[in-house]
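Here the structure comes first, spelled out in structure tokens, and everything after it is commentary.
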Amino acid sequence: MLRVDFGVLGEICAWADGQAIELGPARQRSVLAALLVKVNQPVSLDQLTDCVWGEDPPRRPTATLHSYLSRLRTSLPAAWDGGIRRSGGGYLLRADESAVDLHRFRDLRDRARTSDDATAERLYEQALELWRGEPFADLDTSWARAQRHVLQGERLAARLAYHDVRLRRGGHAALLGTLESLAAEHPLDERPAAQLILALYRSGRQGEAFQQYERIRRRLAADLGVEPGPDLRLLHHQMLTAGVAPAPAESAPAPPTPPPAGVVVPRQLPAPPPVFVGRPRELATLDDALTGDSGDRVAMISAIGGYGGIGKTWLALYWAHHHVDRFPDGQIYLDLRGFDAGNAPMPVETALRLLLGALGADPAAVPQRPEEQTALYRSLTARKRLLIVLDNARDTAQVVPLLPGTPSCTVLVTSRNQLPGLIAGHDARHVPLDVLDAAEARRLLLHHLGPERVDAEPEAVAALVERCAGLPLALSIIAARALMSPWLPLASLAEELREESTRLDALDAGELSADLRTVFAASYRALEPEAARLFRLLALHPGPDIPPPAAAGLMGTDARRPMAGLVRAHLVTEHAPGRFALHDLLRDYAAERAYAEDTEAERDAALRRLLDHYLHTAHAAALLFYPNRRAIQLTEPLAPGAVPVVLRDHQQAADWFAAESQALLWAVRRAADAGLATHAWQLAWSLADYLNRQGRWQDILATQQAALEAARGQGDLVGQCRAHQTIARTHLRLGRYDDARVQLDHALGLSTRLGDLALQARANHSLTMVFSAQKRHSEALAHAQRALELYRDLGDKSSTADILNSVGWEHAELGHHPEAIDHCEQAVALFESLGDPYGQAAALDSLGYAYHRAGDHDRAVSRYRHALRLFREVGDRVEEAACLLNLGDTHRSAGDEAAARQEWRAALDILDELDRPGDDPVRSRLTARLGPAGDR
């Protein structure tokens, strides 16, 4: 069943099976946060309003809240069995409380309070590991600040209780640094001061212990005018009289009952990782498997997966050391060498002999045949409570003969491969690992380097965290290099990581185990040839992820089988159905292998196939997006092996653009850099309407500028003209009218030079919009009439309808009412004949304006209402609001003030619900009409 986890102990986050969910803007996340704090309990709309806006809510917050709740429902996976539900007068989020880090923290803390010290230590550690930073870190409302204050108090109390347990168990030496920092953070809190004093005293630093006591005594007297409390005074007295109880030795959980004489109890676990951060969900999954319905006697095989350097072995050993008390018959560790540099994987026969030796079997009595060795191994493990860690497994075949035959044993398996046979055939619990988030990565560096060095160069540390991309091994290698060269600024190391071509060189500390390139090479060498080729070619696609059709374009053949091989090897991840991603550092390694193993001609051919895949699909999608748009002619033939995606309707086109927009932005730039000017400008043309509909005008300018430069470099006049026109229209949308005119002058000159009537018509059409926006309606009308003449000569009905609407609008602005009405009615009729409801709605809106200006209010209202119906059918809420504003203006002119205010209020409700900054001018006009209080 799909698992969804939520986090508020840091930034507001959610994960579906470990993959991050996009939760929208801050106010929308505030709604989710309020529901998570009271998970499975109803939260009223008034409470939600207070959580989101505090004492300054909008005039009508309910519609906006409903919009936020609707978007949150959409963002949560449909396959999840929880969700947001109505409840009474409010809403509740139905979810397992253990899936919310706040409630899991409180449960672990409460269980720790009633447990023995060994168990309490483990529970407190798990609880505190859930914290990723300040709670509600990305929210800045009065409600979030109040919640943050409460939770920080709970965290401090849990930390102090944890320290008490550690001190009782002899952990004073290991706690000293933490206690010093905590006491400094809370200089008037006697409890961390007492813990620090006790730890100093027990560490043989009695003088410092007395100094610390005197320091807090003076601080309390100076700041509060009080003496230390009875607990602190008692500790001081016990130190003076040598009455402090000696500390027990630092220990792991109490050893199990000794076995009978002569029975071998293996204790083979390597030392736990010296530094371990994060992984709360993965540790919880392992805990849940161990403490399932069957109690301790549960067969649990956890295939901990992930590519090299992700921290599989560290997770296994960290968990194992925290549970040794659950395995009184011993712990066995075996490195199967599945991906060792320079070594073949360990044969099953060798592994069985080592396991049998760990269990005390007489080497002379071990049978020769592997199946007989397996039988003996299962006999020796029968009914024993053993932990067996099988590290670095190559595949399922290597692991299965090493599995005990009894449910009393627990097995941890780590591998860079997914081991689907182990999961399907032996009910293994899969524990996939992802990279550390930024906060966890910084904590790892902090543990390695200490607060003084990390705090001294915050910008460099942030750069190191970003450029190591959350990979624990990369962070540890950089930390090792910093420790080996204490004189070297961290900024120098960050600079070494800045260049992709040399980044892997910087991640080499001089030994095989501390060289990221060597770690990656072991996984790469294990791939089948076609999977290895795809891995190399993926370096040519630096978009955030890639679907199989684009991967097929890279390869020139079906890529599904090699892609599955890369997924099994954890060299790519399928983070969403049909979307495959490559870690940044793995991409660097793939690029190295591509330049080492593939010829330039092979790389160029792969890039051309990929660009053809994107160009031909994007062009088809653009025409589905706007069916009546005048198409461009794709002049470059489709490269052999490049197969475009077949899209059937507007929705499929929109979905494809949404999924591929980032890759398409890159494709324009990459085509320009490669000198493929035609690909560059035709890709930019195909993408422009989608980006425009999304309001991504800076992306339009960036892609069109790249296309323009490429077209200039190749002397492509058509490409230059197209780019100038699109840049001009974007400047127009941004209110940069002078910039738009400069671009259109270039476009008009180029189109005249080419003798291309269609491009001339488009340039005149765009100049119409520029002059109209500048209220220069006579000049706008002249360009509109020239464009109309050209469109009619070309037989371009869709553009003719569009420019007829513009001609009518300019006549209306100039007071030419009969001409305005005539041209707008022609536009309405032509759009209707073309089956273009959006164009028809826009023309009806103009026609309503023309009748309004002519004083015919009844006809104006009729046309506006018809336009409203069509805008609602096509789902354009912004134009619906603008049309309602115009309808209200007409009612006011007709003397019906009540009807006018009703339409204005409806328009403002829509814009409040959409909450888009770009709609502020219309919102301001509506607010002015409704008055200061908005009459709402």
Side-chain angles (χ1 to χ4, degrees), residues 622 626 629-630 632 661 664-665 668-669 671-672 677 680-754 756 758-787 790 799 802-803 805-807 809-810 813 842 878 882 916-922 924:
Y626 282 103
R629 184 182 185 187
R630 187 180 182 89
I632 59 173
S661 61
L664 289 166
L665 294 176
V668 175
R669 181 74 265 174
W681 77 256
Q682 291 183 345
L683 272 165
W685 180 92
S686 301
L687 186 56
D689 281 339
Y690 171 76
L691 293 175
N692 183 59
R693 179 69 70 89
Q694 297 293 309
R696 294 168 60 178
W697 296 304
Q698 295 304 323
D699 284 337
I700 295 176
L701 291 176
T703 53
Q704 295 294 333
Q705 191 62 42
L708 177 59
E709 292 169 1
R712 280 176 178 160
Q714 297 293 318
D716 186 334
L717 300 184
V718 174
Q720 293 177 57
C721 187
R722 293 281 188 182
H724 279 304
Q725 289 183 338
T726 307
I727 292 171
R729 290 209 172 196
T730 307
H731 282 315
L732 175 61
R733 280 191 169 274
L734 294 170
R736 303 169 183 167
Y737 305 127
D738 291 340
D739 291 337
R741 279 201 59 194
V742 169
Q743 295 291 327
L744 289 170
D745 287 343
H746 284 306
L748 194 55
L750 287 167
S751 61
T752 303
R753 180 178 167 187
L754 286 164
D756 189 316
L759 291 176
Q760 291 177 45
R762 185 172 176 81
N764 278 284
H765 196 159
S766 296
L767 283 166
T768 299
M769 293 187 286
V770 172
F771 284 121
S772 182
Q774 293 180 309
K775 308 298 183 186
R776 296 163 63 174
H777 297 294
S778 294
E779 292 161 282
L781 180 59
H783 283 287
Q785 289 172 328
R786 174 57 179 155
L790 291 167
S799 298
D802 199 12
I803 200 64
N805 188 24
S806 297
V807 171
W809 181 271
E810 299 308 324
E813 291 288 7
V878 175
R916 300 191 331 172
D919 300 331
D920 286 344
V922 180
S924 297

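On a predicted model such as this, the values are computed, not experimentally measured, just so you know.
A donor-acceptor contact closer than 3.5 angstrom links the side chains of R696 and S661.
Here the straight-line distance linking atom CG of L683 with atom OG1 of T703 works out to 9.5 Å at 0.5 Å rounding. The distance from the CD1 atom of I727 to the CZ atom of R736 is 11.5 Å, given to the nearest 0.5 Å. Distance CZ/R722 to CD/Q682: 9.0 Å, rounded to 0.5 Å. Rounding to the nearest 0.5 Å places CG of L767 at 4.5 Å from CG of L744. Here Q743 contributes atom CD and L708 contributes atom CG; the two are 7.0 Å apart, rounded to the nearest 0.5 Å. Considering CG of D739 and OG1 of T730, their distance stands at 11.5 Å, rounded to 0.5 Å.
Under a 3.5 Å cut-off, the side chain of Q704 and the backbone N or O of A684 do form a donor-acceptor pair. No donor-acceptor distance shorter than 3.5 angstrom exists from the side chain of T726 to the backbone of A723, with no hydrogens or angles considered. A donor-acceptor pair under 3.5 Å is formed between the side chain of S751 and the backbone N or O of A747.
Of all heavy-atom pairs spanning A688 and I700, the tightest one is O-CD1, 3.8 Å. Between V807 and A784, the shortest heavy-atom distance links the atoms CG2-CB, 3.6 Å. The nearest pair of heavy atoms linking Q725 to L759 is NE2-O, 2.8 Å. Residues T768 and S806 come closest through the heavy atom pair CG2-CB, 4.2 Å. Considering all non-hydrogen atoms of both residues, A680 and A710 come closest at CB-CB, 4.1 Å.
A search for salt bridge (charged side-chain N to carboxylate O under 4.0 Å, His left out) contacts involving D716 returns nothing, not counting sequence neighbours.
Looking only at side-chain heavy atoms (C-beta outward), I803 and N764 stay at 4.5 Å or farther from each other. Inter-residue side-chain proximity for F771 and R741 is flagged as met; some heavy-atom pair is nearer than 4.5 Å. Contact check for R729 versus H765: side-chain heavy atoms found under the 4.5 Å cut-off.
Here the rule is side chain to side chain donor-acceptor pair (under 3.5 Å) with E810, and of R776, H777, H783, Q785 only H777 fits it.
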